[in-house]
Amino acid sequence: MPIEQYYKSRERVGVIGAGSPTKMSVTEVHVDSVVFPPAVKPPGSDKTLFLGGAGARGLEIEGKFVKFTAIGVYLEDNAVPLLAVKWKGKTPEELTASIDFFAEIVTGPFEKFTKVTMILPLTGKQYSEKVAENCVAYWKSIDKYSDAESEAINKFLQVFKDETFPPGASILFTQSPSASLTISFSKDGSIPEHGNAVIENKQMSEAVLESIIGKHGVSPAAKQSLGVRLSDLFQQIELQK
């Protein structure tokens, strides 16, 4: 699908770096009936992050693309100048096609927040087992699967085992540069102040986002949205010089 289908101008606009000389506008994104606002304050964080991009996760079933979840990826303000050092001047298509670009988002020294909102109902067991499978496959591919990661996966599965997620409910991941992963749940689309659980494991923290926007990420639409929106923000930096 063309990138333009995933990135359209909206009326609501947020501003990155509102208290600094560098101010950049960020729009909200609609994925079906799910609205991702321009900025949010994640659970367990004292910072407000901007919407990097958003898109659906789904599968082709009998010739029809069936959407299961809508995924929004938020980034700390300093992600833009840090990423722009290497990636400014690249087109949206070049960014979207670059494995290294998304790897730098996943591992960058800035806070990330991912909101996964249900379009179709899922149980916690269904969701967590698939994410765990993707994380383990990624770790094994880079030869970083140890006892610590195995323990982190077990903790991850335990957090989800009794949960159910009807349409409109959300799973929230706050990824801290200090290597912690805060997991939160919301039944009504709101963002809670505190998380349900924290897993202290750098590989686990990064692998969740990697499974969404990495080399084998489950949401190409979210990757396209990130490519378009960040390319535009890098250009805004150029214009302000």
Side-chain angles (χ1 to χ4, degrees), residues 16 39-54 71-87 98-116 124 127-161 163 170-186 191-219 222-223 226 230:
I16 299 177
V40 299
K41 183 179 179 182
S45 174
D46 59 358
K47 299 173 182 175
T48 298
L49 277 57
F50 74 92
L51 180 60
I71 303 173
V73 178
Y74 290 79
L75 307 173
E76 189 177 346
D77 289 1
N78 65 342
V80 176
L82 287 172
L83 292 169
V85 171
K86 180 176 179 180
W87 299 103
S98 173
I99 295 171
D100 290 343
F101 174 63
F102 291 103
E104 289 191 17
I105 293 176
V106 169
T107 61
F110 43 83
E111 196 166 291
K112 284 90 86 167
F113 172 66
T114 306
K115 182 179 182 182
V116 181
Y127 179 83
S128 61
E129 286 182 351
K130 187 59 181 176
V131 172
E133 177 186 320
N134 291 338
C135 289
V136 171
Y138 169 64
W139 290 330
K140 288 183 176 179
S141 74
I142 60 173
D143 197 26
K144 289 188 177 180
Y145 186 49
S146 68
D147 289 344
E149 280 66 57
S150 178
E151 182 181 345
I153 282 290
N154 288 333
K155 289 181 180 178
F156 184 84
L157 294 170
Q158 287 297 311
V159 173
F160 284 87
K161 68 175 185 176
E163 298 292 332
S170 297
I171 300 167
L172 314 170
F173 298 107
T174 307
Q175 180 184 335
S176 168
S178 66
S180 67
L181 177 69
T182 300
I183 303 171
S184 316
F185 306 124
S186 171
I191 306 293
E193 186 175 346
H194 303 289
N196 292 66
V198 179
I199 298 176
E200 298 288 350
N201 182 280
K202 179 178 175 61
Q203 299 299 332
M204 182 81 239
S205 179
E206 293 179 353
V208 169
L209 186 55
E210 168 70 26
S211 73
I212 295 170
I213 64 169
K215 183 176 181 180
H216 301 293
V218 298
S219 182
K223 293 176 68 172
L226 279 160
L230 287 174

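This one's a predicted model, so the numbers in the text were calculated from it and none came from an experiment.
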Closest non-hydrogen atom pair, [X] against [Y]:
X    : Y    : result
N78  : P109 : ND2-O, 4.1 Å
A148 : N201 : O-ND2, 3.6 Å
G72  : L51  : CA-CD1, 4.4 Å
T48  : A39  : CG2-CB, 3.8 Å
L226 : G52  : CD2-C, 3.3 Å
S184 : N196 : CA-OD1, 3.4 Å

May I ask you to decide if [Y]'s main-chain N or O and [X]'s side chain share a donor-acceptor pair within less than 3.5 Å?
X    : Y    : result
Q175 : V106 : yes
S170 : L172 : no
E111 : D77  : no
K161 : G124 : no
S205 : K202 : no

Point to revise | Derivation of the side chain to side chain contact (heavy atoms under 4.5 Å, CB included) call for K41 and Y74 | key: CA-CA 10 Å; K41 183 179 179 182; Y74 290 79; over 6 Å; no
Rounded distance (nearest 0.5 Å) linking atom [atom1] of [X] with atom [atom2] of [Y]:
X    : Y    : atom1 : atom2 : value
I71  : K223 : CD1   : NZ    : 12.0 Å
E76  : L82  : CD    : CG    : 9.0 Å
T182 : H194 : OG1   : NE2   : 11.5 Å
D100 : K86  : CG    : NZ    : 5.0 Å
I142 : E206 : CD1   : CD    : 8.0 Å

Applying side-chain hydrogen bond (donor to acceptor under 3.5 Å, both in side chains), can you list everything that pairs with K130, at least two apart in sequence or on another chain?
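K130 satisfies side-chain hydrogen bond (donor to acceptor under 3.5 Å, both in side chains) with E133 once adjacent residues are dropped.
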Practice problem: Kindly write out the residues that satisfy side-chain hydrogen bond (donor to acceptor under 3.5 Å, both in side chains) with S146, not counting sequence neighbours, or none if the list is empty. | Solution: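 Checked S146 against side-chain hydrogen bond (donor to acceptor under 3.5 Å, both in side chains); matches are E149.
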Kindly assign one of parallel, tilted or perpendicular to the pair [X] and [Y], based on the angle between their ring planes and the thresholds 30° and 60°.
X    : Y    : result
W87  : F101 : perpendicular
F160 : F185 : perpendicular
F173 : F156 : parallel

Pick out which of L181, V198, I183, I199 makes a side-chain contact (heavy atoms from CB on, under 4.5 Å) with K155.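 In the set L181, V198, I183, I199, the residue that makes a side-chain contact (heavy atoms from CB on, under 4.5 Å) with K155 is I199.
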**Q.** More than 12 heavy atoms of other groups within 6.0 Å of E200 CD
**A.** yes
inquiry  = Take a 6.0 Å sphere around CG of D143 and say whether it holds more than 12 heavy atoms from other residues, nucleotides or ligands.
reply    =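 Not buried by this count: 12 neighbours or fewer within 6.0 Å.
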Review point. Does the side chain of V159 come within less than 4.5 Å of S128's, by heavy atoms?
Key: no
Should I191 and P43 count as side-chain neighbours, where that means a heavy-atom distance under 4.5 Å? yes
Exercise for the section: May I ask you to establish whether K115 and F113 are in a cation-pi arrangement, using a distance under 6.0 Å from NZ or CZ to the six-membered ring centre and at most 45° from the ring axis? Expected result: no
| Do I105 and L230 pass the side chain to side chain contact (heavy atoms under 4.5 Å, CB included) test, and can you show the C-alpha distance, the side-chain angles, and the key distance before you say yes or no? | CA-CA 11 Å; I105 293 176; L230 287 174; 3.9 Å; yes
message: I153 vs V136, test: side chain to side chain contact (heavy atoms under 4.5 Å, CB included). Steps then yes/no.
response: CA-CA 8 Å; I153 282 290; V136 171; 4.1 Å; yes
Verdict with reasoning, Y138 to N134, per side chain to side chain contact (heavy atoms under 4.5 Å, CB included): CA-CA 6 Å; Y138 169 64; N134 291 338; over 6 Å; no
